[in-house]
Amino acid sequence: MEISDQAPPWTTALITGASSGIGEALARNLAARGVHVIVTARRLPLLKKIQAEIIRAGGKATAVRLDVAKADATARTIVALDKKFGGIDLVIANAGVGIPRDLPHSWSWPAIRDATHINYAGALATITALLPSMVARGRGHVVAMSSLASYTALPDAAGYSSPKAGLSRFMECLALDLQQTGVAVTTVHVGFVATPIVAESTIPLPFLMPADKAADYMLRRILRRKREINFPKPMVFLVYLMAKLPFFAKKFLARKFTPQGN
Ligand SMILES: NC(=O)c1ccc[n+]([C@@H]2O[C@H](COP(=O)([O-])OP(=O)(O)OC[C@H]3O[C@@H](n4cnc5c(N)ncnc54)[C@H](OP(=O)(O)O)[C@@H]3O)[C@@H](O)[C@H]2O)c1
């Protein structure tokens with residue numbers, strides 16, 4: 001039997017950033033596998049539409065408005081949902097934003113503030129809210145949506161790359177700390193996926209994947225309790241090469257390919 005055909009070990013999954021893109025695709029895929037999905041994000045009308053479509057297709061879904069930039073409130077809401085639904089056994093901290101491009105400097109605080117609060121603090125609040133109950137039950141799975149951009153310094157990307165790098169390191173530490181608890185830890189490092197976050201990108205998007213394909217690729221490996229998921233492979237290889245470059249070469253490429261003084 002294919003791993004993808006097996007019944008998932010989860011009853012209830014909570015996904016942040018499920019109103020579009022990868023989060024929506026993950027929710028639809030999990031619901032089709034029989035998992036009750038709690039879809040969360042800020043845009044409730046989009047979540048309600050996804051909920052209705054999943055239910056119409058015979059699945060189970062609950063839409064909940066959640067702004068992960070409000071980290072303390074996020075943790076409180078998730079703990080309440082865990083109690084209400086009798087134990088969330090899969091959480092995917094997926095909510096994320098890019099860096100606004102209409103500001104003079106991509107490294108200024110206004111440019112990096114949202115990604116810091118949402119992509120880093122919001123993801124940590126989401127995951128840590130469920131850890132005490134998962135550890136007490138001796139089972140559960142926590143997943144963070146990081147990025148291949150976390151692996152190396154990239155020009156014009158300090159505000160995006162650094163919260164993702166922090167998130168990946170947090171998950172790596174967590175995997176050490178939780179190894180005897182029965183709780184699985186997975187970090188996803190993905191390349192370019194065709195979603196609204198990259199829709200207005202001015203940089204090339206090599207090996208761009210559709211969101212439903214990317215979600216299916218991730219879930220097949222999350223089911224196998226993989227510690228890390230890095231894809232698509234050609235992009236992983238490119239990033240690996242970039243990370244290995246001496247710093248003077250990175251500086252040269254940054255000068256050549258990005259606007260001066262940004
Ligand atoms: N697409 C790519 O190429 C790519 C590559 C590497 C990593 N990623 C990561 O994948 C994740 C999903 O992104 P995506 O590509 O699917 O883009 P997307 O379609 O723009 O999805 C982002 C999701 O995050 C939600 N979100 C944004 N701010 C939020 C907040 N304060 N609180 C709660 N939810 C919030 C959005 O919903 P609301 O606006 O309704 O809140 C939306 O559902 C992100 O973490 C992103 O960094 C994407």
Side-chain angles (χ1 to χ4, degrees), residues 14-29 37-51 63-75 77-78 81 91-100 112-127 129 143-152 154 157 159-168 170-171 186-215 217-219 228-232 235-236 238-239:
L14 183 141
I15 305 165
T16 66
S19 60
S20 65
I22 297 169
E24 176 184 352
L26 285 167
R28 290 184 189 277
N29 193 314
V37 285
I38 304 172
V39 285
T40 75
R42 293 166 305 179
R43 290 171 294 175
L44 193 56
L46 288 184
L47 296 173
K48 291 266 187 204
K49 184 168 170 278
I50 294 163
Q51 176 193 29
V64 176
R65 190 183 185 284
L66 188 67
D67 179 352
V68 302
K70 296 174 180 145
D72 291 346
T74 292
T77 304
I78 292 176
L81 290 168
V91 60
I92 306 181
N94 166 76
V97 291
I99 311 170
I112 68 178
R113 181 186 48 221
D114 286 357
T116 305
H117 290 319
I118 296 166
N119 302 10
Y120 180 66
L124 266 53
T126 300
I127 284 168
V143 178
M145 195 61 59
S146 187
S147 166
L148 290 178
S150 68
Y151 278 123
T152 185
L154 296 165
Y160 187 74
S161 173
S162 60
K164 291 294 191 189
L167 177 60
S168 295
F170 172 80
M171 295 299 280
T186 297
T187 313
V188 182
H189 296 106
V190 59
F192 294 117
V193 181
T195 69
I197 215 173
V198 296
E200 280 164 32
S201 172
T202 51
I203 59 162
L205 304 172
F207 314 112
L208 185 71
M209 290 181 83
D212 56 346
K213 258 188 135 174
Y217 185 97
M218 292 173 202
L219 281 173
E228 277 195 2
I229 302 168
N230 299 295
F231 74 108
M235 195 64 201
V236 175
L238 266 184
V239 170

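This is a predicted model, so every value here is computed, not measured. Note that ligands are numbered from 1 as they come in the structure, with each ligand's atoms numbered from 1 the same way.
- Residue T195 holds the heavy atom nearest to atom 14 (P) of ligand 1 of all those in T126, T195, D114.
- Within the 4.0 Å heavy-atom criterion, the part of V97 lying near ligand 1 is the side chain and not the backbone.
- In terms of protein heavy-atom proximity, atom 37 (O) of ligand 1 is closest to S19 OG, 2.8 Å.
- Looking only at protein heavy atoms, the nearest one to atom 3 (O) of ligand 1 is V193 N, 2.8 Å.
- S147 contributes no side-chain N or O that, together with a main-chain N or O of H189, makes up a donor-acceptor pair within less than 3.5 Å.
- Considering backbone and side-chain atoms alike, V68 places an N or O below 3.5 Å from some N or O of ligand 1.
- Selection from R65, R43, H117 by nearest heavy atom to atom 40 (O) of ligand 1 gives R43.
- At a 4.0 Å heavy-atom cut-off, ligand 1 touches V190 through backbone and side chain alike.
- By the criterion of a heavy-atom distance under 4.0 Å, the backbone of S146, and not its side chain, is placed next to ligand 1.
- If you look at K164 next to ligand 1, the close heavy atoms, those under 4.0 Å, all belong to the side chain.
- Distances shorter than 4.0 angstrom do not occur between any heavy atom of G122 and any atom of ligand 1.
- Considering backbone and side-chain N/O of G23, none are found under 3.5 Å from N/O of ligand 1.
- Scanning all protein heavy atoms for the shortest distance to atom 24 (O) of ligand 1 gives G96 N, 3.3 Å.
- Residue contact check for ligand 1: G191 places a non-hydrogen atom closer than 4.0 Å to it.
- For atom 19 (O) of ligand 1, the closest non-hydrogen atom of the protein is S20 OG, 2.8 Å.
- Of all the heavy atoms of N94, the ones lying under 4.0 Å from any atom of ligand 1 are found in both the backbone and the side chain.
- A donor-acceptor distance shorter than 3.5 angstrom exists from the side chain of T40 to the backbone of I15, with no hydrogens or angles considered.
- A side-chain donor-acceptor contact under 3.5 Å links T74 to the backbone of D67.
- Looking at atom 20 (O) of ligand 1, its nearest protein heavy atom turns out to be I197 N, 3.6 Å.
- By the 4.0 Å heavy-atom criterion, D67 is counted among the residues contacting ligand 1.
- Given atom 10 (O) of ligand 1, the protein heavy atom at minimum distance is M145 CG, 3.3 Å.
- Residues A18 and I50 come closest through the heavy atom pair O-CD1, 3.3 Å.
- Heavy atoms of A18 found under 4.0 angstrom from ligand 1 belong exclusively to the backbone.
- Rounding to the nearest 0.5 Å places CD1 of I78 at 4.0 Å from OG1 of T126.
- Looking only at protein heavy atoms, the nearest one to atom 28 (N) of ligand 1 is R42 NH2, 3.1 Å.
- Of the possible donor and acceptor atoms, one in the side chain of N119 sits under 3.5 Å from a partner among the backbone N and O of V97.
- Among protein heavy atoms, the minimum distance from atom 48 (C) of ligand 1 is reached at I22 CD1, 3.9 Å.
- Polar contact check, G17 against ligand 1: a nitrogen or oxygen pair lies under 3.5 Å apart.
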